[in-house]
Amino acid sequence: MELRIKNKIKEAVRVLYNSELTDNLVQLQETRKVFKGDFTLVVFPLLRFSKNTPEQTGESIGKYLVSNCPEVAGFNVIKGFLNLEISDSQWIGYFADLSGSDDLLEKCRVSSPETILVEYSSPNTNKPLHLGHIRNNLLGFSLSRILSACGHKVIKTNIVNDRGIHICKSMIAWKKFGNGETPGSSGIKGDHLVGKYYVMFEQQYKVQIEDLVSTGMNENDARNSAPLLLEARDMLIKWEAGDPETVDLWKMMNSWVYAGFDETYHALGVDFDRIYYESDTYLKGKEIVLSGLERNFLYQNSDNSIWVDLTSQGLDHKLLLRSDGTAVYMTQDLGTAVMRYNDYKFDRTIYVVGNEQNYHFQVLRALMKKMGYGFSEGLIHFSYGMVELPEGRMKSREGTVVDADDLIKEMKETARSVSLELGKLSEYSGDEKEEIFRKIGLGALKYFILKVDPHKNMTFIPSESIDFNGNTGPFIQYTYARIRSIFRKAEQMGISSNQDMIRNAMPGPREIAIVKLLRKFSDIVTEASASLSPALIANYCYDLSKEYNQFYHDLSILGEENPGLRNFRLSLSRVTGSTLLTGMWLLGIEMPERM
RNA sequence: GGUCCCGUAGCUUAACUGAAUAGAGCAUCUGACUACGGAUCAGAAGGUUGGGGGUUUGAAUCCCUUCGGGAUCACCA
């Protein structure tokens, strides 16, 4: 519709002022609520053609459109703004089409689908997932669904950081202090158990440093010569050499961690198509660096360390292999990227990684370009903001890390107490209730995180951040549950919605307002996919719910006497319900049938 | 110090890539159920978009400057 109107506007200017308009001069936008109309043309840019006042220009174009453009039923001009009024029958006709289609996302499909890898989560195996990972996982998962809904081939992927000195630290601590403790023997979830030994290492290490300092050693030397650290380094060397005992221990402890992560991922409702492990990819990375050196893209220092010079691209020199030949972070990312390209020939890889690594990804891209990898342009860093607490960043040392498992559990508990307080659901079985609490608690958490612009840092206030009223997940879920309830009731009454009757109805402004919103859905999803922003969909679902709740409050649906109007309202409810369901699905949020 | 990001009501945030009177929610105050679900709805109050300058018919948005906060610049990941 907008496109047709825009073309008519161009035609109007051609006829009235004998001038050709370029698209960027036709600024057609939604009319703001305080004014009358549906679409607004900003006429300021057209004054140079009309050589007239804004009011006169608006008036002339408005008149032309009313007589030449069937969609436009009327207009008004306020200052430099031409507000166009669309006839109700246009909106009703549009809704009839929408209502008859069974695929709300049909218009979102791109004409040339890409193969896109979305990397998210990327945990370390020495500690459990926390709130930061939750944002990461939710963003990555939702982006995957959005891109895939738009027709792209999406591979959800994860790179597990399972090697390095930090892993050896928890292994050493477990060996020395663990007395053979396992998840099974202790009842502690595997990732938490390993995390416990990592913390224990750091504590004991600190004690040893203090002891050494008290004997007169300076702190730096103490740090480097504490027995525990020496043992960890020794273990890393053994690991790299493939020492069977070390590798077995590593495998065993990793398997505990993976089982723990799987549980968290499952609770969060995210999954992956393909998981890469750093312990596999770093070797590939080394290979690439060595061949890059041979081909003179890189250079070697006198101490044998290997570097790349990116100063010509405004970046710096970057180390790629240590002097002892071991790999650094960048090394394995090179390897991972190449392995992935070999596996999938992707058009894009979207790295969902915090903005603290902006520089790293700039370097990665520039480096791959320099080394001649054609796909370097397709490496996209989806840089999202940190989750902070009121007192600042989460710090594991200060024990302020918000644990993912705890948070998920707390959300469900909160949902439970809110529900019980409201006294609903009494007729459901225990299992049914648990399922509803889970959906609501998780819905609140997910919506809270996804509704904010991914690029912005966000503050999480444990006691009050997650609400169940207002602009929240449960508000949208509630709206959906109400709609479902109407249809249960309608069924009892023997009423069903009839597609053929829609065009004959005479709905009022409340209904039309919803139709206008429903119509925007596919544009919003397309926009979310293009700009990689689930927040657009989240806020849209809220707007739609709000509009629907107003309608629901003011007007009766099943109680409406006029069958045509009742049918229209029922159809409107049906499409609103499926739009909310689809929108929230794109965010990874489940909707309860009742709550 | 170099580079980059962010400052919007008390709090959490929106604003389509420069347009009209900057939208919401929470919290506060006032009202609405003999009605399809009150986790709802209606209303009030709350803003010099950190400050200052500039470009423009028009700036939260672009440019400069200043203040405040953060990130990054490791043979850490």
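Every chain is numbered from 1, with letters handed out A, B, ... down the list of sequences.
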The Watson-Crick or G-U wobble partner of B:rU48, with both key distances under 3.5 Å, is none
When the aromatic ring centroids of A:Phe475 and A:Tyr478 are compared, is their separation below 6.0 Å?
-> no
Quick one: does A:Asp453 reach the base of B:rA15 with a side-chain donor-acceptor pair under 3.5 Å?
-> no
Closest to the A:His553 side chain: B:rC36, B:rC41, B:rG25?
-> B:rC41
Using the P atoms only, state how far B:rG70 lies from B:rC62, rounded to an integer number of Å.
-> 23 Å
Using the C1' atom in both, what is the distance from B:rC26 to B:rA19, to the nearest Å?
-> 30 Å
Applying a 3.5 Å limit to both distances, which nucleotide forms a Watson-Crick or G-U wobble pair with B:rA39?
-> none
The Watson-Crick or G-U wobble partner of B:rA60, with both key distances under 3.5 Å, is none
Which distance, rounded to the nearest 0.5 Å, do you find between the CD1 of A:Ile237 and the SG of A:Cys168?
-> 9.5 Å
So, is A:Arg416 near the phosphate of B:rA39, with a side-chain N or O under 4.0 Å from OP1 or OP2?
-> no
Partner nucleotide of B:rG25 by Watson-Crick or wobble geometry (both distances under 3.5 Å) | B:rC11
Is the A:Tyr329-A:His360 ring centre distance short of 6.0 angstrom?
-> yes
Does B:rG58 have A:Phe44 stacked on its base, where the ring centres are within less than 5.5 Å and the planes differ by under 30°?
-> no
Which whole number of Å gives the distance between the C1' atom of B:rU40 and that of B:rA35?
-> 13 Å
Residue closer to the 5' end of RNA chain B, A:Asp543 versus A:Tyr329 (nearest nucleotide) | A:Asp543
According to the Watson-Crick and G-U wobble definitions, with both distances under 3.5 Å, which nucleotide is paired to B:rU55?
-> none
B:rG68 pairs with, by Watson-Crick or G-U criteria that keep both distances under 3.5 Å | B:rC6
Which of these nucleotides, B:rA20, B:rA14, B:rA19, is closest to any side-chain atom of A:Lys456?
-> B:rA14
Which comes earlier along RNA chain B counting from the 5' end, the contact point of A:Glu388 or that of A:Ser556, where each point is its nearest nucleotide?
-> A:Ser556
Verify stack between A:Tyr542 ring and B:rA24 base, 5.5 Å, 30 degrees = no
Candidates B:rA77, B:rA20, B:rC73 - which lies nearest the side chain of A:His166 | B:rA77
Determine the Euclidean distance between corresponding P atoms of B:rA59 and B:rU49; express it in Å to zero decimal places.
-> 12 Å
What distance, rounded to whole Å, do you find between the two C1' atoms, one in B:rC16 and one in B:rG10?
-> 29 Å
If the plane angle is over 60° it's perpendicular, under 30° parallel, otherwise tilted; pick one for A:Phe361 and A:Tyr351.
-> tilted
With rounding to whole Å, what would you report as the distance between B:rA14 and B:rU61 at their C1' atoms?
-> 13 Å
With syn defined as a glycosidic torsion within 90 degrees of 0 and anti otherwise, which applies to B:rU17?
-> syn
When rounded to the nearest Å, what value does the distance between P atoms of B:rA60 and B:rA20 take?
-> 9 Å
C1' atoms of B:rG68 and B:rG50, separation to the nearest Å = 7 Å
Hey, is A:Glu432 close enough to A:Arg438 for a salt bridge, meaning N to O under 4.0 Å?
-> no
Decide yes or no, distance alone: a donor-acceptor N/O pair under 3.5 angstrom between the base of B:rA39 and the side-chain of A:Ser419.
-> yes
Donor-acceptor pair (no angle test) under 3.5 Å: A:Thr40 side chain, B:rA20 base = yes
Intermediate values then yes/no, salt bridge (Lys or Arg N to Asp or Glu O under 4.0 Å), A:Glu278 and A:Lys284 = CA-CA 10 Å; A:Glu278 193 192 331; A:Lys284 181 73 181 171; over 6 Å; no
